[in-house]
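Following: one structure in structure tokens, then a few remarks.
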Amino acid sequence: MPLIFPRLRGLYDRLEPLSYLLLRIAFGLMLMTHGVPKLLGRSHGSMADPMAGSVNLIANVLHLPAAPLIGWFIALLEGVGGLMLAAGLFTRLVAPMVAVQMLVICYLLAPTFPWIDRGFEYPLMLAFVALCITTRGSGRGSVDAWLGREL
């Protein structure tokens, strides 16, 4: 495809792997900020106990069975899975799980989340980033690459 600024092709080609690496790291760290407080029982933003808040939402709003177990799975996916994505470890295993989690959040909570003011655009965007990482793999600068695994 022709570029608007063809002289920048070399720069774009050199920066593309770095920009993807930074996207994957930022995505993983953002997930960790939601999972680690749940795992450690620490406050997160306005939530004094994010794990209790998540379990309450799962049990009393979504009416799903085994709410504490689902809550722990989500906390581990966000906390440990976020670290794995940031490091680029088992990326093609973790990223699709995050994509499904974010799509489920969008589907289940969309009626209560308007597009703005705590809207579902945040989990929707995270779902698309997770899908991108799923299809691209871990890329350069990852533990998977260092181990000689699928990139």
Side-chain angles (χ1 to χ4, degrees), residues 1-55 57-58 62 68-110 113-151:
M1 173 177 282
L3 297 174
I4 295 173
F5 302 107
R7 291 182 179 208
L8 295 177
R9 178 177 298 282
L11 178 65
Y12 296 150
D13 291 344
R14 284 191 307 275
L15 292 180
E16 191 278 331
L18 176 63
S19 66
Y20 182 70
L21 170 68
L22 294 174
L23 174 71
R24 194 192 74 237
I25 291 170
F27 180 70
L29 294 177
M30 284 174 43
L31 282 174
M32 285 179 63
T33 66
H34 293 276
V36 170
K38 290 174 188 157
L39 294 171
L40 298 178
R42 308 264 178 170
S43 64
H44 179 256
S46 63
M47 295 181 76
D49 186 347
M51 179 62 92
S54 293
V55 171
L57 177 79
I58 294 164
L62 302 177
L69 184 62
I70 295 171
W72 273 102
F73 176 77
I74 290 170
L76 287 169
L77 179 60
E78 293 171 348
V80 177
L83 177 62
M84 292 171 72
L85 287 174
L89 178 63
F90 298 115
T91 302
R92 289 190 195 252
L93 175 66
V94 176
M97 289 191 288
V98 173
V100 168
Q101 176 198 5
M102 294 301 153
L103 290 172
V104 168
I105 288 170
C106 290
Y107 176 76
L108 293 175
L109 299 179
F113 275 9
W115 186 252
I116 55 174
D117 288 336
R118 297 197 52 189
F120 66 91
E121 67 270 14
Y122 180 71
L124 182 63
M125 189 66 205
L126 293 181
F128 282 112
V129 172
L131 288 171
C132 176
I133 293 171
T134 298
T135 60
R136 291 275 318 264
S138 54
R140 297 181 195 168
S142 65
V143 174
D144 286 340
W146 182 74
L147 294 173
R149 295 185 193 271
E150 177 181 11
L151 294 175

(message) Tell me every residue that passes side-chain contact (heavy atoms from CB on, under 4.5 Å) with Ser54, counting only those two or more places apart in sequence or in another chain.
(response)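 If we apply the side-chain contact (heavy atoms from CB on, under 4.5 Å) test to Ser54, skipping adjacent residues, the hits are Lys38.
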(request) Check side-chain contact (heavy atoms from CB on, under 4.5 Å) between Phe128 and all other residues, then give those that pass, not counting sequence neighbours. (result)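 Phe128 satisfies side-chain contact (heavy atoms from CB on, under 4.5 Å) with Leu124, Leu131 only.
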Compare every heavy atom of [Y] with every heavy atom of [X], then report the nearest pair and how far apart it is.
| X | Y | result |
| --- | --- | --- |
| Ala127 | Leu103 | CB-CD2, 3.7 Å |
| Arg24 | Ala86 | NH2-O, 3.2 Å |
| Thr91 | Pro96 | O-CD, 3.9 Å |
| Pro37 | Ser43 | CB-O, 4.0 Å |

(request) For atom CE of Met125, decide whether the heavy atoms of other residues, nucleotides or ligands shown that lie under 6.0 angstrom number more than 12. (result)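 It does not: Met125 CE has 12 such atoms or fewer within range.
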Hey, what do you get for [atom1] ([X]) to [atom2] ([Y]), rounding to the nearest 0.5 Å?
| X | Y | atom1 | atom2 | answer |
| --- | --- | --- | --- | --- |
| Arg149 | Leu89 | CZ | CG | 7.0 Å |
| Leu23 | Arg136 | CG | CZ | 9.0 Å |
| Leu93 | Ser138 | CG | OG | 12.0 Å |
| Tyr20 | Cys132 | OH | SG | 5.5 Å |
| Leu85 | Phe90 | CG | CZ | 12.0 Å |
| Arg92 | Asp144 | CZ | CG | 9.5 Å |

(message) Donor-acceptor pair, distance only, cut-off 3.5 Å: does the side chain of Arg140 make one with the backbone of Pro17?
(response) no
(request) Go through the steps to decide whether Phe73 and Met97 satisfy the test side-chain contact (heavy atoms from CB on, under 4.5 Å), and finish with yes or no. (result) CA-CA 11 Å; Phe73 176 77; Met97 289 191 288; 4.2 Å; yes
Only distances under 3.5 Å count here; give the side-chain donor-acceptor pairs of residues 8-15 to other protein atoms, sequence neighbours excluded, each with its distance to 0.1 Å.
| from | atom 1 | to | atom 2 | distance (Å) |
| --- | --- | --- | --- | --- |
| Arg14 | NH1 | Gly10 | O | 3.4 |

(message) As a quick check of understanding, evaluate side-chain contact (heavy atoms from CB on, under 4.5 Å) for Ile74 and Ile70, giving each step before the final call.
(response) CA-CA 6 Å; Ile74 290 170; Ile70 295 171; 3.8 Å; yes
(request) Kindly indicate whether the side chain of Val55, heavy atoms from C-beta on, has any atom under 4.5 Å from the side chain of Trp72. (result) no
(message) Counting C-beta onward and ignoring hydrogens, is there a side-chain heavy-atom pair between Met30 and Tyr122 closer than 4.5 Å?
(response) yes
(request) Could you go through the side-chain contact (heavy atoms from CB on, under 4.5 Å) check for Leu126 and Val98 one step at a time? (result) CA-CA 8 Å; Leu126 293 181; Val98 173; 5.8 Å; no
(message) One pair to check against side-chain contact (heavy atoms from CB on, under 4.5 Å): Leu77 and Val94. What are the steps and the verdict?
(response) CA-CA 8 Å; Leu77 179 60; Val94 176; 4.2 Å; yes
